[in-house]
Each structure stands twice: as C-alpha cells, then as structure tokens.
Undergrad: 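Sending over a structure as structure tokens; questions will come in a sec.
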Amino acid sequence: MRIGATRIGATVLGYPRIGPKRELKHAVEGYWAGRLDEAGLREVAEGLRADTWRELSTLDSIPGNTFSYYDQVLDTAVLFDAVPERHRALGMGPLDTYFAMARGTAEVAPLELTKWFDTNYHHLVPEVGPGTRFALVGDKPLAEYREALALGVATRPVLIGPVTFLLLAKPADGAPADFSPLTLLDPLVDRYAELLAALARAGVEWVQLDEPAFALDRSPGELAALQSAYDRLAALPQRPALLVAGYFAELGDALGVLADTAVEGVAVDLVAGRADLDRIPVLTGLRDKAVVLGLVEGRNVWRTDLRDAAATGAGLLGAVGAVGVSTSCSLLHVPYDLDAEPGLDPVVRARLAFARQKVEEVTLLGRVLLGGEPVDLLTASADAVAAGVASARSDASVRARLAELTPHDRTRMPYADRADAQESRLRLPALATTTIGSFPQTGAVRRARADLGRGVLDEAGYDRLMREEIEHVIRLQEEIGLDVLVHGEPERNDMVQYFAERLDGFAHTELGWVQSYGSRCVRPPILHGDVSRPAPMTVRWAEYAQSLTPRPVKGMLTGPVTILAWSFVRADQPRSDTADQVALALRDELADLEAAGIGVIQVDEPALRETLPLRTADRGAYLEWAVAAFRLATSGVAPWTQVHTHLCYSEFGDVIAAIDALDADVTTIEAARSRMEVLSDLAAIGYARGVGPGVYDIHSPRVPGSGELSDLLAEALRAVPARRLWANPDCGLKTRTYREVEPALRNLVEAATRARLTA
Ligand code: GLN
Ligand code: ZN
C-alpha cells in the first residue's frame, strides 16, 4: 500500500446534492429565470455542500466533489474542456456555457441526455471527436476539497474515471462514423495526471475514480484500455492514493484487471454484483490493496441486515490488504432522510433507510467489522430486517391467485382469430390514426390538481374540471379526424404514481425526492408489500370519454414492468412475483374496462428496454418475467378487445424478440428519430401484428409538415402492410402545447389519409 495513505474504513461512494428540500433545484431554476444572481446561486450551493460534509462526519473517509449544479458527467466534460464548438461559440461565461450544454439555448441544442446505466438518473453525453483537445481548465474537485478543508473536513474527491468518461461519450458532429472516443484515452489520461498532481499538492490523500462502465460486458480492447489507464496513473510520481470504484453489477474481468495494476484500492458492489465476492480472495493482486465492500445498498430504500453484512465482510478480512465498508453505489439514488417523513406508516417506516440512515448503517458496520466493537451492536439491525420481512403487508387472496396461475393465464387466442374479431367490431380503416394517450397538461389542469391537493377544490369540483377537459380533448380529436381516440390523461400526475396511489402495497413520501436529471426530481413510490387493487382505477374516466363519442376510445394503463421500474421495489421476494401481483391488479382493471364497453386498451411499457440488466447473462431471466407479467395483465380480455402497448426511448435491438413475445395486438413505438429502423428489425424476427412507428417526434416543439409525415409513412409501408400499420406520434403529448399539437395532428391525419389512397 502507498506509504502514508490512511485506511478508508467506513465510507459512502457519493451523496445526494439536490438538497433535503430541493434547495438546489429552486436556486438553479431561480438563476435560470433571472430571480437569483450567480453569487446567490453559489451561496446556496456552498451551504448544501457544508451540510453534506457535516452529515457525513461520522465516516472514516468522506467523499468530496459529489456536488453538481446539474450532472457529474457534464462537470467532467467541462473540467477537461470537452466543450462542443456550438456552445463555446455562444461566448458566455463559464456557468452559462455549462447550463447551455445542459439545456441548450434558443439557437443551439444541448448535449444529449441519457440514462445513467440502469438507474433512473440521467446524465449528459459528452461529445468528442478527433479534433477534441482535452485541457485541464477547471478546478472544481480541487476547489471543493479546499472548501471542505477550510471547514475542517479532509475529503476524498470523487471523479468519473477516464475510461468510463470516454465510454459514455459519443462521436461529435462531423467525426467519422466509426470514430471511437476511446482512441482519445492517452491524451485524456495525461490531463487526469495533471489533476491528480494538483490534488496531491493540495494534500489530498485518496481520490475515488468511478468506472461503472465496467459493470457491463466489455471487450478485450476496453479491458486493455482500463489496464493502460490505471497502469499509467498509478505510475505517476506525484499523486494521491487511487480508489477505483465499480458499481451497479459485478466488475467481473475488470476486477482482475484492476487487481493487476498498482492502484491502492478498489470498491465493489456486493449487492448488485455479489459474484465479485468469490473473486476477491483468489485475486492475488488484491492482497496489498484496500478493497471497499459495498454492503449497504445505495440505490434502494431498505434497511440492511448489518449482522449479515458483517459476516460477509469478516470472510474477507485476511484475504486482502485492507477492508473498507461502503454503500454499493452513490446514495444519489435515494432520498435524503427518513426522519423527514413522519406521515409514513410506522410498520413500513421501520423497514426503511434513506441516505442519512444508510450513512449511520455504514458507520456502525465499520465500528464492528473494522473497529472491533461487539457484534451485538448489529443485533437490532438484523432483528429489524427480520421483523420487517415478517410484517410486510400480506394479502392471502393475491397469494392464492398467484399460486394457481397456469400458462393458460398468460395466453390469448391466436392473433389471426383476434384480428378478425377486432376488425369486425372496430371497423377501423387501414393505417388507422391514434395518439399515445396524454394531451397537453395545461396550466388549468395542473392548477386543478394542486387545488385538490391543498383542499381548495373539492372532489366534485375537480371531477367537473376533468370532465370538461376530457370533453374538450374528445371533441378536438373528432374534429381533427383521428380514428382511435384517447381521454387525454388530465387526471394523472404521473403514469406510475397515479396507479401506485390507487393500489394497496405502496407507500408515498412527502420529501422523498430523487434527482432524475438537472433540476428535475421524482418521488418514486415505495412498493413494500403484496399488491392488490381495492377499486377500479381508471374506469370512470374512460367510460365517460367513451360516452361522448361513437369512435373507439382507448383505455390507458401503465404496465407492470414500468410500475416496478419507477418505484422502489421490495427486496424480500423475487421481482417476478412482485411483477405478477401488479399484473393481476391490472388484469382486473382491463376486465373492468372491457365490461364498461372499452374496446381498445393500451398498456404502456416505456421502461421495458431501460430496465434491461447491464450484463447480458442476466437479460434472459429478466425478459422472461417481464414478458410473463405483461401477458398476465393483458391475456384476460376477450379476443375482440384490442390490446395496444407503447414503448419508447429507442434502441430496441436488444429486446426485439421480447416485444414480439408481449403478444400485443398493436405496438406503438418510438421510431421518428431512427428513421423507421425498428420496423425492419421487427420484420426480421417475424413480428406480424399491428405496429405504429411514431412518425412525429414529440420531444421537439417543431410541428412536422404533412409532407415529411407522408414520407415516413411511405417508408413504413415498405416494411408493413397498410392494414397492420398505424399512424401516431412517438409518445404522449403532455409536455407539448396545443399550439404545437393541433397542427401536428392535423398533418398526421392528412398524411395518413393520403397514404391510404396509394397503399
Ligand atoms: N400514455 C402515456 C402518455 O401518453 C405514455 C407515456 C410514456 O410512454 N412515457 O403520456
Ligand atoms: Zn412514450
């Protein structure tokens, strides 16, 4: 071990930064709106950082540089001057250039936003090309280190590792199509070397370099890049001790690679990457390294059985140079503080730990496992977890239904027969037009919901406003000439929360905010017990909408996979069982919609692709339960009821067979931006049911002309016959305005009408 490097002991890999009451969100948005000046914003940020360091003071090693005004990947790009020309050319100051990269301006597009591995956090995608010249232009990690030191706290700056940074980057505009950002590794490592030297000069003892990109299967070339980067960084004459962290899955081969380098420490995720546990003792390269064991789950909200965690850790005490204990990943993905939730059911609450409680858990674990304090200190935690599992809401009737399920419950009549029955019932034209569900959520709609929440508006008044809105949306669609209508979802705050609030087995927080991207935060529901449906959830709205029009109105539900993906999910039983419980509740909802005369029902699964496990070896099992749950939800209806599903967020290649296996009658799918590629992928695997490739990109305010929509439909018609093809936008319209939506939908109907003539 490097001379002088103290032990890491108990630590966490990162911490939330948005503020316990979303102070940073309010400050940043205030700055954007011109209500707060730069100095005011910086003051809020400084206060939040100081609070965080105080919060973490019980740890042996305190992570630093965990703060961000927007995103840690963007911070890294700016730190090394990977600023695209279009943002640089705006000629703004550093902070405004930073926000322009994050959000774009009237003139220039922002960096692309994408999911941070398999979490619900989104990071910005750096753009690099052969012309990129990295330079160490920023000093954020150093400045925050000094700021903490001035408060008496020596931190361990956390950086995104150079290899992960490049693996997350995409080729800049104008770069050759086959340009690989990884070819820039050497010059980037040189800049990291400068940064490490500067940190060492300032007295930094340890630096954490995050390499979560190695939680995915990586090629030999990528593993070699990892080796080369850390061989070079470890060989620097002046640098802090290096802790390389992997998380979200096992490090696998990458752990062996890191063991062979001369870095001082590695951090492994022993919750999501349990398989690394067996690798650690056999890797001789780890015998002189610190191995930081991620034993407290960083991305879910359950208490840890610390006795169990200590037993796992104890098994490695002699096998490596030094053991440290930590959260499995950064705590960025959980809410701040359970103590801010007095309203939670005490039985549920007793099972939970948010960021602050997880810091306490790690601290206690360290005292016992590393500090020699009595194991008895961990009994309470073990008992609480056992009691929590025993007290989880149990619903005998749901369990009995699950136990009796047979494959028959997940199977509908053959598609050809269903298609005939649906055709004679619905009498839709070829190339039928529809939308994905939501219509613009106007100020009035949001206000009504807020007023209901604050008690200013009563249920009856709220109902009246929603009905007016639904009628407006129905009339508009009739007038535009769409074929399958929707009620517009005005009553939904969020497509998962709406259902979670109406199902038993979920809890909700007041302040359980988690950063989604930038200033956007979400409050995921907590799925803690058996799930069941006390009453119909959507029927009265759908029924009302259908009563207004002779055209079919599509019922609108969120699928089991997406409900799980955007919630904190119980860990005391397999996800497949939990998904089936949610599916049974939805199955009853579909039956009720059908009984109410709804002939078309859409079950949205936008999260199907994004929940795909990082390691290919884990994907088959996931897709199996995901598809099974969807089919359980949707197979109970009659053959003449048409089931739609909707998927978004692109890159369907990996799940194309699963999409087919969902066995929906119609699949609407994001395709406008990928030029209909998904259609040939579907055709290639023999998909032969209805498909609605989104021809209109709702993520942009631009109104597509009927000419370009016709072109896209013509292109789609080359892959799919007209009677199976649908014309629709690529996602819900709730974030758009009527000014954009109305002309766009008119153009869509016009394009479809024209295409019918030629098809
Ligand atoms: N039905 C939802 C809507 O239209 C689907 C949203 C989504 O795919 N994310 O808003
Ligand atoms: Zn969508």
Side-chain angles (χ1 to χ4, degrees), residues 113-115 120 122 433-442 445-446 449 466 469-470 473-474 476-477 482 484-500 516-517 520 522 524 537-538 541-542 545 553-567 586 589-590 593 598 600-611 630 633-634 642-652 655 659 662 664 666-674 678 691-700 726 728-738 740-741 744-745 748:
L113 192 67
T114 196
K115 281 174 70 81
N120 291 326
H122 300 72
T433 52
T434 192
T435 61
I436 304 305
S438 58
F439 266 67
Q441 287 241 340
T442 58
V445 168
R446 286 173 208 276
R449 198 164 40 242
M466 291 302 120
E469 182 68 21
I470 290 170
V473 169
I474 294 285
L476 178 67
Q477 295 172 88
L482 288 152
V484 172
L485 313 191
V486 296
H487 80 289
E489 304 180 25
E491 79 290 6
R492 303 201 185 163
N493 38 12
D494 171 272
M495 64 185 292
V496 167
Q497 195 184 338
Y498 180 83
F499 291 93
S516 171
Y517 63 89
R520 265 281 298 227
V522 294
M537 305 181 281
T538 64
W541 305 116
V553 172
K554 186 157 63 162
M556 198 58 60
L557 304 173
T558 301
V561 182
T562 302
I563 290 182
L564 261 60
W566 296 348
S567 302
L586 291 168
E589 186 75 10
L590 270 98
L593 283 169
I598 304 299
V600 184
I601 304 172
Q602 178 172 308
V603 179
D604 289 323
E605 285 291 20
L608 180 73
R609 166 67 183 80
E610 65 177 56
T611 318
F630 181 90
T634 53
Q642 189 169 70
V643 174
H644 289 216
T645 190
H646 165 69
L647 307 157
C648 47
Y649 308 124
S650 255
E651 289 174 40
F652 296 109
V655 296
I659 293 174
L662 295 177
V666 179
T667 303
T668 58
I669 198 159
E670 187 174 297
R673 283 176 292 179
S674 58
V678 66
V691 58
V695 286
Y696 144 37
D697 175 10
I698 65 95
H699 304 88
S700 147
W726 288 65
N728 48 262
D730 69 357
C731 198
L733 303 168
K734 68 170 167 239
T735 57
R736 299 264 68 91
T737 64
Y738 277 103
E740 298 149 359
V741 162
L745 292 180
L748 179 77

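Note that this is a predicted model, so its numbers are computed, not measured. Just so you know, ligand 1 is whichever comes first in the structure, and atom 1 is the first atom listed for that ligand.
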Undergrad: Does Pro606 approach ligand 1 within less than 4.0 angstrom via side chain, backbone, both or neither, non-hydrogen atoms only?
TA: side chain
Undergrad: Any idea which atoms of ligand 1 are less than 4.0 Å away from a heavy-atom of Gly732?
TA: 3 (C), 4 (O), 10 (O)
Undergrad: Quick one: do Lys115 and Asn120 satisfy side chain to side chain contact (heavy atoms under 4.5 Å, CB included)? Show the steps, please.
TA: CA-CA 6 Å; Lys115 281 174 70 81; Asn120 291 326; 3.0 Å; yes
Undergrad: Side-chain contact test, heavy atoms from C-beta onward, threshold under 4.5 Å: evaluate it for Arg492 versus Lys734 and give yes or no.
TA: no
Undergrad: Using a 3.5 Å cut-off on N or O atoms only, is Trp566 in polar contact with ligand 1?
TA: no
Undergrad: What residue and atom, counting heavy atoms only, is the protein's closest point to atom 6 (C) of ligand 1, and at what distance?
TA: Met495 SD, 3.5 Å
Undergrad: Do me a favour and list the nearest non-hydrogen protein atom to atom 10 (O) of ligand 1 with residue, atom name and distance?
TA: Ser438 OG, 2.8 Å
Undergrad: If we only count heavy atoms from C-beta on, is the Ile474 to Val553 side-chain gap below 4.5 Å?
TA: yes
Undergrad: Flag the pair Ile436 / Gln602 as yes when at least one side-chain heavy-atom distance between them is below 4.5 Å, and no otherwise.
TA: yes
Undergrad: Does any N or O atom in Leu733 lie less than 3.5 angstrom from one in ligand 1, N or O only?
TA: no
Undergrad: Considering the heavy atoms of Met556, write down every atom of ligand 1 situated less than 4.0 Å from one of them.
TA: 1 (N)
Undergrad: Quick one: which ligand 1 atoms are inside 4.0 Å of a heavy atom on His646?
TA: 8 (O)
Undergrad: What I'd like to find out is whether the side chain of Tyr738 reaches to under 4.5 Å of the side chain of Val473, using heavy atoms alone.
TA: yes
Undergrad: Considering distance alone, does some N or O of Gln602 sit under 3.5 Å from an N or O of ligand 1?
TA: no
Undergrad: Do any N or O atoms from the side chain of Tyr498 and from the backbone of Met537 form a donor-acceptor pair under 3.5 angstrom?
TA: yes
Undergrad: Please test Gln477 against Val486 for side chain to side chain contact (heavy atoms under 4.5 Å, CB included), starting from the C-alpha separation and ending with a verdict.
TA: CA-CA 8 Å; Gln477 295 172 88; Val486 296; 3.5 Å; yes
Undergrad: Which ligand 1 atoms, with their elements, are less than 4.0 angstrom from a heavy-atom of Lys734?
TA: 10 (O)
Undergrad: If you round to 10 degrees, what value do you get for the angle at the Zn ion (ligand 2) between Cys731 atom SG and His646 atom NE2?
TA: 130°
Undergrad: Go through ligand 1 atom by atom and flag the ones less than 4.0 Å from a non-hydrogen atom of Gly437.
TA: 4 (O)
Undergrad: Out of curiosity, Leu485 CG to Thr433 OG1, how far, rounded to the nearest 0.5 Å?
TA: 8.5 Å
Undergrad: Using a strict cut-off of 4.0 Å, indicate which atoms of ligand 1 neighbour a heavy atom of Asp604.
TA: 1 (N), 2 (C), 5 (C)
Undergrad: Show me which atoms of ligand 1 lie under 4.0 Å from any heavy atom of Cys648.
TA: 8 (O), 9 (N)
Undergrad: Check ligand 1 against Cys731 and write out every atom of the ligand that is under 4.0 Å from a heavy-atom position of the residue.
TA: 7 (C), 8 (O), 9 (N)
Undergrad: Compare all side-chain heavy atoms of His699 with those of Asp730 and state whether any distance is below 4.5 angstrom.
TA: yes
Undergrad: Is there a side-chain contact between Leu608 and Ile659, using heavy atoms and a 4.5 Å cut-off?
TA: yes
